[in-house]
Amino acid sequence: MTFDFAIPDPAGWMVASAEAIALVVIVAGLLQIVFYFVLLLYAGAALGTRPPVPRSATLWRRYSEQAPAISVLAPAFNEELTIVESTRSLLALQYPDFEVIVINDGSKDGTLARLVSEFGLEQVDRFVDRSVEHAPIRGFYASPRLPRLLVVDKENGGKADALNAGINCTRTALFCAIDADSILESDALLRVVRPFIDEPDLTIAAGGTIRIANGCKVDSGRISDIKLPRNFLALVQIVEYLRAFLMARVGLGKMQALTVISGAFGLFRRRQVVEVGGYSHGTVGEDMELVLKLHRLMREAKRDYRIDFIAEPVCWTECPDTLSVLGRQRARWQRGALECFVKHKDMLFNPRYGRIGIVGFGHILLVDVLGPLLEVLGYILVPLLWALGLLALPWLLAFLAVTFMFGVSLSIATLVLEEIQLRRFPKARELAMLAVIAVLENFGYRQLSNLWRLQGWWQFIRKQQSWGTMTRKGFSTS
Amino acid sequence: MTTLRDLWEVSLALCLLAMAALLLLLLARVISARLFDRTSASRRRLLPLLLDGDPAELEPLGKRELQTAADLTVEIAEMTRGSEREALLARATALGVTDLLIVQLRSRKAQSRLNAVEALSMFEGSHDHVTGALDDRNPDVRLTAALALAQHANAPAPLDIVNKLNVGAEENSLLLVSLMVDLAETDSEAVAGLLFEKDLSYRVKVAAMDALSQRGGEYAPLLAHMARDSGNEPDLQPRIFRALGRTGHPAGAEAIMEGLLSDNWTVRAAAAEAVGNTRLVAAADRLSALLNDPHYWVRYRASEALLRIGARGVSALRDASQSEDPVVRSAASKMLAEGRA
């Protein structure tokens with residue numbers, strides 16, 4: 001097949017250059033695919049050999065006596081519409097010993113006033129640590145009727161800053177960092193604390209699976225009916241989250257090379273987090289950076305440790321369902337990953353950092369740093385060079401294989417793993433719908449997603465620090 | 001070129017394979033949905049049989065319904081106690097649930113074996129089967145069996161259990177403390193004896209100490225001796241001080257006072273916590289001196305302990321709240337404010 005604009009009789013160097021470009025794109029894509037399949041195998045092994053997963057009642061009976069105390073840190077900024085329900089839901093968590101610390105990060109709306117009036121709080125004083133840096137605290141609010149609740153009012157400083165204030169106020173060995181607008185499973189703490197109970201001397205952090213709540217019914221701060229959303233973007237993100245959590249994080253967790261625990265839900269040992277200075281300011285990837293700093297600390301001190309990931313769902317979050325908001329979120333995630341990579345680039349392929357340097361950073365380099373650049377380059381150049389007659393058809397097919405076909409098979413394989421091991425989608429129809437989405441996302445959405453990531457690259461180069469606006473619509477209630 | 005074409009063909013084959021696998025699973029899902037309906041009907045039929053009636057009149061169930069009956073038994077047993085629970089378990093035995101659980105102890109799936117051990121441990125007369133599970137290849141199953149056995153007077157010796165669990169290598173769970181607490185109910189001397197076993201893991205000793213500390217002052221002198229003797233074990237010593245504090249016994253006073261002067265801040269913090277638990281008034285001056293400790297946790301535990309030891313401690317806090325040292329002043333005044341709240 002030839003086009004009218006194909007170059008007749010192209011010079012050898014032109015063909016060689018075109019083939020070299022295509023080779024780079026295909027090899028990079030292939031490396032990513034191979035890495036993903038390895039992760040999938042590890043995830044399968046992790047799920048197949050994981051400790052038995054008991055029911056909530058059994059968990060409580062088994063763990064309630066020894067479960068270590070946890071402080072749940074919920075930073076809130078301009079959340080007056082949802083903060084009361086979120087806090088009620090946190091206070092209703094099933095866990096024997098926990099405290100909820102809501103940090104009002106200088107909200108400009110009535111977040112603090114709503115909390116104070118709804119829970120009958122009064123200003124109190126509290127002797128807190130000063131180990132990690134944050135903007136000044138303006139006051140503490142508590143009520144003797146609710147000994148588990150403490151509200152910290154501070155000047156605005158961003159999510160990382162608010163979490164640092166929370167860490168300083170914490171008096172427990174473990175703290176759980178969450179997004180105030182996420183919905184936690186009632187037994188989330190009992191489930192995620194398991195690595196800390198199983199290996200109390202080694203475990204320093206643990207994450208759990210985040211699921212998308214769009215489309216689900218919410219009742220009194222709990223998910224009461226799991227349903228798929230109707231919005232295409234939300235559906236695509238369900239497939240993406242499955243790949244990210246079920247395949248990548250479970251697999252990396254099994255390899256002990258996890259480089260990120262989602263800011264929406266993570267359990268940490270306070271002492272090590274304080275040792276690394278808490279969350280970093282001036283980055284949008286503060287959740288990833290904290291995990292990298294913990295790895296660095298433990299590796300450099302040559303201390304044995306574990307950072308684990310549990311496959312069970314612990315938290316539900318609302319995902320963006322418009323292109324503009326999703327685009328901003330993805331650009332920000334890309335920027336965060338690049339910031340972390342550059343800040344800790346000395347760990348890349350550095351044997352001193354073991355599998356974190358090789359596997360963890362190799363993953364970031366391949367997927368987050370080079371991935372979007374080479375893939376977009378491929379989308380533009382490979383079809384063009386083929387149309388110009390500089391590349392033979394097999395080159396184009398190989399490119400399509402690494403960008404589309406392997407992508408589809410990987411997504412479907414993740415769904416297969418989900419179905420065999422977890423069965424979290426109640427109806428077969430929903431699974432079939434996700435399989436269709438897993439195919440469709442490769443045609444249009446994937447390319448758009450790469451453009452957003454390039455935008456993140458551009459913002460990173462220009463050192464743009466804004467978070468952008470995440471417009472939340474709120475969960476639908478029953 | 002052949003390699004490039006191969007790549008395309010492999011990707012197509014993988015894609016088709018993944019889709020075929022998913023289609024099969026979808027088909028399996030549809031079939032299992034029908035089975036689920038059958039299970040629901042079975043549960044509705046079995047529930048009254050388990051909750052009421054004379055066990056002697058019950059016939060053993062067929063294979064198909066037995067698993068549903070076993071699941072239902074465990075669910076109800078977790079919600080009931082006393083004679084009601086005994087009657088439930090007698091009916092379940094008559095239906096053949098225990099026979100099924102014994103078979104499941106040999107399942108290839110650790111999840112099934114663990115569930116079977118947990119369920120079997122509720123039935124009288126299953127002691128031998130649960131004891132056999134101490135040799136299971138999965139550490140979770142072994143620990144579950146040990147926890148179940150420890151609740152009975154005829155549990156194996158603590159040292160045997162600890163060896164079967166391979167503590168330190170395969171088992172490090174905090175649940176070892178629960179295990180030791182239950183074992184100490186029957187034979188606290190045997191649990192105390194673990195502290196003198198040279199080759200045992202540090203994790204066993206920590207669990208044994210925590211368990212013994214919950215028995216009041218009985219083992220306070222032993223823990224006090226260990227607290228003093230463990231100066232070269234920086235990870236262990238703070239835990240001993242915390243255990244000593246939990247006994248609340250004055251026999252630990254001297255060791256705790258020494259702990260307040262330790263070079264290791266984690267020991268100072270643990271000793272201060274122990275002062276609060278034992279209400280050791282004599283430690284007030286040393287605690288006051290710790291209010292300007294460089295470590296927050298030491299300052300916090302010292303100020304908290306001063307608040308807990310009563311009038312003398314509160315008086316020391318009041319004095320410290322007037323201190324010229326802002327660190328001391330802050331610790332004392334904030335803790336006094338917390339005390340008032």
Side-chain angles (χ1 to χ4, degrees), chain A residues 26 30 33 37 49 51-55 57-58 61-63 65-68 122 124-131 142 144 168 171 196-202 392-402 404-406 408-413 415-416 419-420 423 427-428 431-432 435 439, chain B residues 1-5 7-12 14-19 21-23 25-30 33 74-75 78-79 109-115 118 138-141 144 147 172-178 181 203 235 296-297 299-300 303-304 330-331 333-335 337-338 340-341:
Chain A
I26 289 166
L30 207 55
I33 294 293
F37 272 107
T49 58
V53 182
R55 295 178 305 121
T58 315
R61 180 166 49 76
R62 201 180 289 169
Y63 291 155
E65 277 179 27
Q66 300 306 329
E122 289 170 13
V124 294
D125 211 347
R126 174 128 161 164
F127 178 36
V128 297
D129 196 2
R130 295 266 182 271
S131 296
N168 274 344
R171 287 175 177 172
F196 290 88
I197 289 181
D198 288 345
E199 289 292 352
D201 295 331
L202 294 181
L393 183 65
W395 287 99
L396 181 69
L397 289 178
F399 173 71
L400 293 177
V402 293
F404 294 99
M405 303 315 287
F406 281 127
V408 171
S409 47
L410 201 66
S411 298
I412 301 273
L415 282 175
V416 169
E419 178 63 7
I420 292 173
R423 278 207 170 193
K427 294 173 190 152
L431 200 64
V439 176
Chain B
M1 289 297 168
T2 317
T3 314
L4 295 172
R5 272 198 185 279
L7 204 57
W8 169 249
E9 279 157 18
V10 167
S11 74
L12 272 181
L14 265 179
C15 221
L16 290 172
L17 197 69
M19 283 185 177
L22 191 66
L23 276 177
L25 288 170
L26 281 170
L27 196 67
R29 177 70 88 91
V30 173
V74 174
E75 284 172 40
E78 278 182 343
M79 294 185 281
K109 287 168 75 177
Q111 172 92 56
S112 301
R113 297 200 303 279
L114 187 140
N115 289 341
E118 271 200 325
N138 182 291
D140 286 302
V141 178
T144 303
L147 286 165
N172 294 299
S173 172
L174 282 179
L175 297 186
L176 289 170
V177 180
S178 299
V181 168
R203 175 56 50 198
D235 289 337
Y296 162 78
W297 283 104
R299 296 197 300 275
Y300 166 60
S303 58
E304 183 191 45
S330 163
S333 59
K334 285 185 189 296
M335 192 49 72
E338 280 195 41
R340 280 194 293 272

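Just so it is clear, the values below take in all heavy atoms, side chains as well, and ignore hydrogens, waters and symmetry mates. Naming convention: chains lettered A, B, ... in sequence-line order (proteins, then strands); numbering from 1 in each chain.
Contact of A:V128 with chain B is made through the backbone alone, with heavy-atom distances under 4.5 Å. Both the backbone and the side chain of A:R126 come within contact range of chain B, with heavy atoms under 4.5 Å apart. The contact between B:R203 and chain A is made entirely by side chain atoms (from C-beta outward), counting heavy-atom distances below 4.5 Å. With a threshold of 4.5 angstrom between heavy atoms, A:F399 does not approach chain B through any atom at all. Using a 4.5 Å cut-off between heavy atoms, A:L393 contacts chain B through its side chain alone, with no backbone atom that close. Residue A:L30 touches chain B through its side chain alone, counting heavy-atom pairs closer than 4.5 Å. With a 4.5 angstrom heavy-atom cutoff, A:I26 touches chain B only via side-chain atoms. For B:S303, the part lying near chain A is the side chain, with the backbone staying farther off; criterion is any non-hydrogen pair under 4.5 Å. Both the backbone and the side chain of B:E75 come within contact range of chain A, judged by heavy atoms closer than 4.5 Å.
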| task | Any chance you could lay out the side-chain contact (heavy atoms from CB on, under 4.5 Å) test for A:L397 and B:E9, step after step, and finish with the verdict? | result | CA-CA 9 Å; A:L397 289 178; B:E9 279 157 18; over 6 Å; no

| said: Could you go through A:R171 and B:E338, starting from their C-alpha distance and side-chain angles, then the distance that decides it, and tell me whether this counts as salt bridge (Lys or Arg N to Asp or Glu O under 4.0 Å)? | reply: CA-CA 14 Å; A:R171 287 175 177 172; B:E338 280 195 41; 2.4 Å; yes

| message | Please determine whether side-chain contact (heavy atoms from CB on, under 4.5 Å) holds for the pair B:L4 and A:L396, giving the CA-CA distance in whole Å, both sets of side-chain angles, and the decisive distance to 0.1 Å. | response | CA-CA 9 Å; B:L4 295 172; A:L396 181 69; over 6 Å; no

| Derivation and outcome, side-chain contact (heavy atoms from CB on, under 4.5 Å), residues A:F196 and B:L174 | CA-CA 8 Å; A:F196 290 88; B:L174 282 179; over 6 Å; no

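The side-chain heavy atoms of B:L25 and A:V416, taken from C-beta on, include a pair separated by under 4.5 Å. With a 4.5 Å cut-off on side-chain heavy atoms, A:N168 and B:Y296 do not count as touching. Contact of the B:R299 side chain with the A:F127 side chain is registered, since non-hydrogen atoms from C-beta on lie closer than 4.5 Å.
The CG atom of A:D198 lies 6.5 Å from the CG atom of B:D140; values are rounded to the nearest 0.5 Å. Between the CD atom in A:Q66 and the CG atom in B:L175 there is a gap of 6.5 Å [rounded to 0.5 Å]. Put simply, CZ on A:R130 and OG on B:S330 are 6.5 Å apart, with the number rounded to the nearest 0.5 Å. The CG atom of B:L176 sits 11.5 Å away from atom CD1 of A:I197, with the distance rounded to the nearest 0.5 Å.
Comparing A:E122, A:E65, A:R61 by how many heavy-atom pairs each has under 4.5 Å with chain B, the most go to A:R61. No other option in A:S409, A:A67, A:A432, A:S131 has as many heavy-atom pairs under 4.5 Å with chain B as A:S409.
For B:W297, the ring-ring contact (aromatic ring centres under 6.0 Å, His included) partners at least two apart in sequence or on another chain are B:Y300. With sequence neighbours excluded, the residues satisfying salt bridge (Lys or Arg N to Asp or Glu O under 4.0 Å) with A:E419 are A:R423, B:R29.
The shortest non-hydrogen separation linking A:V408 to B:C15 is CG1-SG, 3.5 Å. Pairing each heavy atom of B:L14 with each of A:F406, the nearest pair is CD1-CE2, 3.5 Å.
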